[in-house]
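Let me begin by presenting the structure, written as structure tokens, before commenting on it.
Below, each value reflects all heavy atoms present in this structure, side chains not excepted, and no hydrogens, waters or symmetry copies. Order of the sequence lines sets the chain letters (A, B, ...), proteins ahead of strands, with each chain counted from 1.
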Protein chains: 2
Amino acid sequence: MTIQQIKYFLELSNGLHFWKTAEKVSISQSTLSRQIQSLEDELGFQLFERDKRNVKLTAAGKFLQDHWTTSINELDRIYKQAQKIDIGTLGTISIAYPGSISFGFLPSLMNILTTEMPDLKIELTEPIDINHESLLLNYHIDISLSRDEILSPTIVSKRLYSESVCLVVPINHWVTEENFTDLTMVQNENFIISPLQNKTYFSTLLRGIFNTNGFNPKTTIESDFGNVILNLVAKDLGISILPYSFQFAKNPNVRFIELTEKVDLYMNWRRNDPNKIVKRIVNYSEVLGETYIP
Amino acid sequence: MTIQQIKYFLELSNGLHFWKTAEKVSISQSTLSRQIQSLEDELGFQLFERDKRNVKLTAAGKFLQDHWTTSINELDRIYKQAQKIDIGTLGTISIAYPGSISFGFLPSLMNILTTEMPDLKIELTEPIDINHESLLLNYHIDISLSRDEILSPTIVSKRLYSESVCLVVPINHWVTEENFTDLTMVQNENFIISPLQNKTYFSTLLRGIFNTNGFNPKTTIESDFGNVILNLVAKDLGISILPYSFQFAKNPNVRFIELTEKVDLYMNWRRNDPNKIVKRIVNYSEVLGETYIP
DNA sequence: CATCTTTAATGCGATTTTTGCATTAATAAG
DNA sequence: CTTATTAATGCAAAAATCGCATTAAAGATG
């Protein structure tokens, strides 16, 4: 039972004429005759009732005409879907990202992806303090955007761009870009930051910054969410340190003062992932990262 | 794209190992390798990402694994259905019948059919005064049961049995089986019969009967439906003439008196109808007709 | 670091299957 | 009775499929 044989059968079941059908499907009449015979032999019953003069479908043949038609169409539809997936415009991709890029890089990337691959379904997750490496290796996500590089032979980690870390103060705060010298200036202020004991890269960076400047910050409020912190600073409840990207939130009640420290954004994916969507997204991200100057 | 190739692919997509899969499907490793290659060539994209050491599905391959599995199962299901139809236990058959057999022959036949072919769907229609021949030739019905023979080169008409025509009187009527001589006895009674001008065989027969006996019946009520007539007679509203089969209605308030006239029951179907269900039903009906002595 | 093992791909000849031409057989039409 | 139509079939050529043996590449082993 070949797909080709089924197609011959369907054509013949429409025309009910061996010679004309054979010509239509560009084979000889004898070939068509034998293909149908072979199909009938394999099925174990007749598809056509035929004498030297007339050809007509049997009841089983009539049934198969209906159902095989839909099957063949279905197979064709499946093939076309698979083709789209191969090209990389269809499917589902799961991306994990740090909250700090949700105002800048991530919307830009999403913009590109939804334009270039409109049929692509993107699942976004914002995991806190969870190992991106295991998420990738367990196939929970396909791509990870992270602040720290993942060093693993089975994962490729590529830096997309670097951005400054900024001191964030309320808009009417006494520290300005002009009078700012170093962080010791604000060592007695209230800080609103993510818990320093977190294992995330950014918490580690913060610990390092405070260490270098020789003081432990007073923390009145703690939050893992940068945009929460941003709003708290805007309401004059303290100051904070956040990546430059948060400027894209365009909050009018805060002021950003660039520090010398930098944070990177890495894109990570499974080495040799056969999914071409991943490769395409990586490419788009690299291009975007190069032109993206925060 | 062969069904066999798809099956090989599905097996390989489960095992992800050429040698083991080849052994499982009883072909050589080289053959499997080449079949998959040929499938990939035809599709135009890779199904497996493979090096000398590992085999894994591409995204498109994963998609096809899911969908082809259901397609192959579907094809198998379709084949089995078709097989059943060929054997003659599955399908739909449309049968037209005269109302007079709805108490006797028809229930017996239905009983046999539903026992022997439980998956068979039977459509019953009781057409009045309509040409069974055209219903058959227009494929509105597949089998017709009729009181008159259909004489046509494209239709086979076979007599199943003969039964007497009976005078039907209320249970306390003065005419009994013992004192009955001929119909002239009741020429002044009220008759409840189907309209004599109808073109059905039974109406023609009635006309003949009244003609032979030399009187025109007084008809107060007319009805095409035998069982309606039967109930009207039971309520003492008149007498009637019906086929013997109506005795099977087991109405306790009527008495049947056999006349000498007979009516036949014919089964009619399209000559050379390739539907094996028709042949089976004809066979069952012939056997039932022989043993059915009303 | 050299050797062994595993495993998918490939060259090649043998086998099997498929194909089309020409013909046959049966039927309907003129 | 003859002619035309049409599905099946014998046959030889062509194409495909198959499996053996081998290759090539990548761990695994010690």
Side-chain angles (χ1 to χ4, degrees), chain A residues 1-58 61 65 137 152-156 270-274, chain B residues 1-58 60-61 65 152-154 270-274:
Chain A
M1 184 160 64
T2 312
I3 291 172
Q4 191 59 254
Q5 284 178 333
I6 294 179
K7 285 180 177 168
Y8 289 157
F9 161 77
L10 289 177
E11 202 63 53
L12 180 57
S13 73
N14 288 324
L16 294 178
H17 194 291
F18 275 76
W19 188 79
K20 287 177 189 165
T21 304
E23 194 168 52
K24 196 166 185 182
V25 298
S26 310
I27 54 172
S28 75
Q29 175 264 316
S30 70
T31 302
L32 177 62
S33 182
R34 264 188 278 246
Q35 288 289 341
I36 298 293
Q37 278 176 51
S38 137
L39 182 56
E40 288 179 326
D41 282 354
E42 191 181 344
L43 292 172
F45 53 83
Q46 296 272 114
L47 295 168
F48 297 96
E49 196 85 3
R50 47 202 188 276
D51 50 38
K52 294 279 167 186
R53 207 75 196 167
N54 296 297
V55 180
K56 59 178 161 180
L57 281 165
T58 61
Q65 181 188 29
L137 295 179
S152 158
T154 53
I155 288 177
V156 187
R270 288 180 291 274
R271 187 181 298 277
N272 301 327
D273 191 327
Chain B
M1 184 160 61
T2 311
I3 291 173
Q4 192 58 256
Q5 286 177 333
I6 294 179
K7 285 181 178 169
Y8 289 156
F9 161 77
L10 289 177
E11 202 63 53
L12 181 58
S13 72
N14 288 325
L16 293 178
H17 195 290
F18 275 76
W19 189 78
K20 287 177 188 167
T21 303
E23 196 169 51
K24 198 165 184 182
V25 297
S26 311
I27 54 171
S28 76
Q29 175 265 315
S30 71
T31 301
L32 178 61
S33 182
R34 263 188 278 245
Q35 288 291 339
I36 297 293
Q37 278 177 52
S38 136
L39 182 55
E40 288 178 328
D41 282 355
E42 191 181 343
L43 292 173
F45 53 83
Q46 296 273 115
L47 296 168
F48 297 97
E49 197 83 3
R50 46 201 189 274
D51 51 39
K52 294 280 167 187
R53 205 75 194 164
N54 296 298
V55 181
K56 59 180 162 180
L57 281 166
T58 60
Q65 181 188 30
S152 159
T154 52
R270 288 181 291 273
R271 188 182 298 279
N272 301 327
D273 191 326

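- The distance between atom CD1 of B/Ile36 and atom P of C/dA8, rounded to the nearest whole Å, is 11 Å.
- Distance alone, capped at 3.5 Å, places no donor-acceptor pair between the B/Thr2 side chain and the B/Gln4 backbone.
- Across the protein-nucleic acid pair, B/Glu49 atom CD and C/dA8 atom C1' stand 14 Å apart, rounded to whole Å.
- Residues B/Ile36 and B/Tyr8 come closest through the heavy atom pair CD1-C, 4.4 Å.
- Nearest heavy-atom pair across A/His17 and A/Leu12 is N-CD1, 3.5 Å.
- Near DNA chain C, meaning a heavy atom under 4.0 Å away, the residues from residues 24-35 of chain B are B/Gln29, B/Ser30, B/Ser33, B/Arg34.
- B/Met1 places a side-chain heavy atom less than 4.5 Å from the side chain of B/Leu39.
- Within the nucleic acid shown, B/Asn54 has no heavy atom closer than 4.0 Å to any nucleic acid atom.
- The CD atom of A/Glu11 sits 10.0 Å away from the CD1 atom of A/Ile27 when rounded to the nearest 0.5 Å.
- Taking atom NZ of B/Lys56 as the reference point, atom P of C/dA8 lies 14 Å away to the nearest angstrom.
- Toward the 5′ end of DNA chain C lies the nearest nucleotide of A/Gln5, the other residue of the pair A/Gln5 and A/Asp51 mapping further downstream.
- Nearest heavy-atom pair across A/Leu32 and A/Ala22 is CD2-N, 3.6 Å.
- B/Asp41 has its CG atom 14 Å from the C1' atom of C/dT10, to the nearest Å.
- As rounded to whole Å, 15 Å separates atom C1' of C/dC21 from atom CH2 of A/Trp19.
- In this structure, CG of A/Leu47 is placed 15 Å from P of D/dA7, rounded to the nearest angstrom.
- For D/dA8, the OP1/OP2 oxygens have a side-chain nitrogen or oxygen of A/Arg50 closer than 4.0 Å.
- Remark: P of D/dT6 and CG of A/Leu16 are 13 Å apart, rounded to the nearest angstrom.
- Between the CG atom of B/Leu39 and the P atom of D/dT17 there is a distance of 12 Å, rounded to whole Å.
- Nearest to the side-chain atoms of A/Gln37 among the listed nucleotides D/dA8, C/dA8, D/dA7 stands D/dA8.
- Each of B/Val55, B/Thr58, B/Asn54 was evaluated against B/Phe48; a single residue qualifies, B/Val55, per the side chain to side chain contact (heavy atoms under 4.5 Å, CB included) test.
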